[in-house]
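Chain identifiers are assigned alphabetically (A, B, ...) following the order of the sequence lines, protein sequences preceding nucleic acid strands; residue numbering begins at 1 within each chain.
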Amino acid sequence: MTEVIQESKIAKFREGLPKTRLPFRENILKTAENTLSTLDFPTTRNERWKYTRVAKIATKSFTAKEGIIGTLHLPVADAYTIVFVNGFYNQELSSSESPEGVTITALSSATEATELLGKNVRVDTAVFPALNTLHATDGAYVHLKAKTIVEKPIQIVHVLTGEHTIATTRNVIVSERFSEAEIVQVFLAGNATESFSNNVTEIFVEENATLSFDKLQNETEGNFHISTEHVKQAAHSNFKINTITLNGGLVRNDLFIDVEGENVETHLNGTYVLKGNQHVDNHTTVDHLKPNCESNELYKGVVDESATAVFNGKVFVRKDAQKINAYQSNGNVLLSDTASVNSKPELEIYADDVKCSHGSTTGQLDEDAVYYLRARGISEKSAKALMVTAFIGDVIDKIDNESVVEYVHAALHERFGWDF
Amino acid sequence: MIKIENLHASIDGKEILKGLNLEVKAGEVHAIMGPNGAGKSTLASVLAGREEYEITAGSVDFNGTDLLELSTEDRAREGLFLAFQYPVEIPGVSNINFLRTALNEIREYRGEEAVSAKDFMAMVKEKSKLVELDSKLANRSVNEGFSGGEKKRNEIFQMAMLEPKLAILDETDSGLDIDALRIVAGGVNALKSDQNATIVITHYQRLLDYIVPDFVHVLYNGKIVKSGPKELALELEEKGYDWIKAELGETV
């Protein structure tokens with residue numbers, strides 16, 4: 001019997017991409033392979049992709065290749081830094097030492113990560129994580145032993161360079177019980193055009209651990225970025241993620257947080273500042289599986305020119321998850337008539353003793369306020385900048401690390417001329 | 001200081017100011033009174049540069065400059081200040097940051113050095129005392145959550161910080177209790193000099209007990225129809241505005 005299989009877009013897309021170099025378990029690779037043989041790239045008929053077209057990515061052919069880059073301007077100068085260029089570990093640019101109790105290494109050489117690798121990620125339904133699983137070249141493995149407190153931040157850097165390059169990166173981060181750390185993950189582009197970064201980060205926050213995670217996206221327009229974080233939080237843990245999108249052509253962030261223990265605190269904040277033809281989509285899911293937890297979500301964005309922002313935030317409160325406080329808020333300011341926002345906050349509550357709220361606002365700058373500021377001698381441009389920076393300042397204030405805050409301010413100054 | 005001649009202004013095609021004339025010299029305080037709808041707030045808005053109003057005729061000379069040609073911010077930089085009847089709340093923008101930006105943009109326009117952080121804070125401390133404004137309010141968002149009295153005191157505080165040549169107080173007394181009124185008027189009086197001038201726009205005479213005008217003008221139906229010394233305000237308070245209308249030959 002002969003089977004005729006029509007070649008899918010995915011099959012074509014995968015031609016020439018190297019097999020993953022990461023120590024995955026066989027069954028995970030098999031599941032991912034199965035996903036890609038049955039699913040194609042999502043279309044706008046798929047609810048999760050209703051407002052974001054990936055045709056620009058799906059119809060291109062990218063190659064995985066190492067790249068050379070010049071000097072990097074990093075958010076944190078004094079950090080334990082690990083650098084990947086086009087998804088390949090760059091030893092020269094990475095720090096040579098790790099603090100005590102902490103492993104910071106290339107995932108390709110971390111055989112001890114096998115047990116956790118892929119454990120957190122649903123590859124049976126999602127195309128990009130499945131692609132990532134099958135083709136990831138490298139990424140960071142960060143493991144904090146119990147009770148380890150790291151004073152300096154750990155900085156994971158991904159640089160995209162070249163034309164039609166694909167960087168498929170995978171990170172695994174483990175915070176054992178009572179550990180405390182701050183991780184900054186930054187995505188940069190150096191002379192990259194029409195290139196694509198597909199990242200998956202798996203984060204395990206164990207009992208009583210505290211982890212702060214700043215994700216900075218500062219690639220350039222004309223490049224594509226899809227990233228997925230899967231976070232699992234155990235009892236009494238505290239996790240905070242700030243997703244700051246400063247640049248990038250097409251950017252999609254999928255953030256999943258499973259709250260699997262009691263007395264857990266979760267903070268997810270995000271800001272995006274767009275212009276030109278940028279398209280930035282944030283999808284977040286917080287799943288409260290256990291009682292007595294709190295989650296706070298604040299995403300705010302400013303959209304100018306012909307850019308588009310998408311926000312979809314979902315909070316589940318499962319049947320047994322009583323006494324949950326879950327707050328979610330998304331705010332947008334449109335600076336032009338051609339800018340657009342699609343915002344959809346969602347709550348699904350199956351418990352009966354919870355405090356939850358969600359809200360979404362989209363508007364323009366208050367003209368009366370602009371006039372008031374101008375009547376005090378402030379130019380129209382400065383007046384708008386004052387108001388815009390105040391608006392997203394709420395989110396930037398959530399970043400604890402001063403160097404990161406300065407980096408964000410400098411990036412916004414450079415791109416928009418705004419001062420904070 | 002300012003010379004307004006035959007000023008006509010309309011909004012949405014409706015003429016509000018119909019040939020207004022007024023001259024204010026340095027060192028003077030002028031009160032503009034009039035019934036509701038006479039055009040008092042329109043005059044304030046037109047002078048400050050609110051874009052919704054269309055100027056159909058007339059001229060405004062401000063210290064030798066054609067005021068009507070200037071943008072709102074340039075009018076402020078030239079030394080015109082409007083104390084708003086309804087100060088706007090601006091969440092997230094701190095009073096301090098706002099005022100420092102304003103002060104430095106005004107200085108830059110005049111070719112002066114930016115104020116240092118230290119001098120600026122000393123100024124804030126000194127000027128906030130003038131209107132008994134809690135220094136904590138200076139660090140809060142502009143007017144956000146301020147009481148009515150605090151908002152008006154904040155207007156005068158801003159005036160003290162920016163040291164305008166001409167201040168226009170638009171119904172600054174509205175909604176103030178007598179204590180707040182005294183504080184606000186005290187601030188205005190303390191800022192008075194022979195180099196600057198003040199136009200007080202009010203519906204009631206009460207404020208003029210505290211800010212004593214050199215001249216009182218009655219604005220009615222888009223024009224100044226009567227001018228006189230400060231006693232005119234008392235007469236208006238006592239007799240209302242109907243006698244003015246009668247004097248103009250209108251039936252009441």
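- Using a 4.5 Å cut-off between heavy atoms, Leu82(B) touches chain A through backbone and side chain atoms alike.
- Of residues 325-343 of chain A, no residue lies under 4.5 Å from chain B by any heavy-atom pair.
- Heavy atoms of Glu52(B) lying under 4.5 Å from chain A are absent altogether.
- No side-chain donor from either of His8(B) and Ser10(B) sits under 3.5 Å from a side-chain acceptor of the other.
- Heavy-atom pairs under 4.5 Å with chain A were tallied for Asn97(B), Val88(B), Asn104(B); the largest tally goes to Val88(B).
- Heavy-atom distances place no part of Phe391(A) under 4.5 Å from chain B, backbone and side chain included.
- The shortest distance between side-chain heavy atoms of Leu162(B) and Arg376(A) falls below 4.5 Å.
- No other option in Ala375(A), Gly377(A), Ala390(A) has as many heavy-atom pairs under 4.5 Å with chain B as Gly377(A).
- Between the side chains of Glu229(A) and Asn253(A), no donor N or O sits under 3.5 Å from an acceptor N or O.
- Between Glu73(B) and Lys381(A) no salt bridge is recorded (no basic side-chain N to carboxylate O distance below 4.0 Å).
- Counting only N and O atoms by type, the side chains of Lys215(A) and Thr245(A) include no donor and acceptor under 3.5 Å apart.
- Looking at Asn143(B) and Asn154(B), their side chains do bring a donor and an acceptor atom within 3.5 Å of each other.
- Contact annotation for Asp366(A): only side-chain heavy atoms (C-beta onward) come within less than 4.5 Å of a heavy atom of chain B.
- Looking at Pro164(B), there are no atoms closer than 4.5 Å to chain A (heavy atoms on both sides), in backbone or side chain.
- A donor atom on one side chain and an acceptor atom on the other are found under 3.5 Å apart for Ser379(A) and Ser382(A).
- A donor atom on one side chain and an acceptor atom on the other are found under 3.5 Å apart for His288(A) and Ser295(A).
- Note on Met159(B), Gln158(B), Glu51(B), Arg75(B): by heavy-atom pairs under 4.5 Å with chain A, the leading option is Gln158(B).
- Neither side chain, Asn247(A) nor Thr220(A), offers a donor N or O lying under 3.5 Å from an acceptor on the other.
- Checked against a 6.0 Å centroid threshold, the rings of Tyr372(A) and Tyr86(B) do not count as neighbours.
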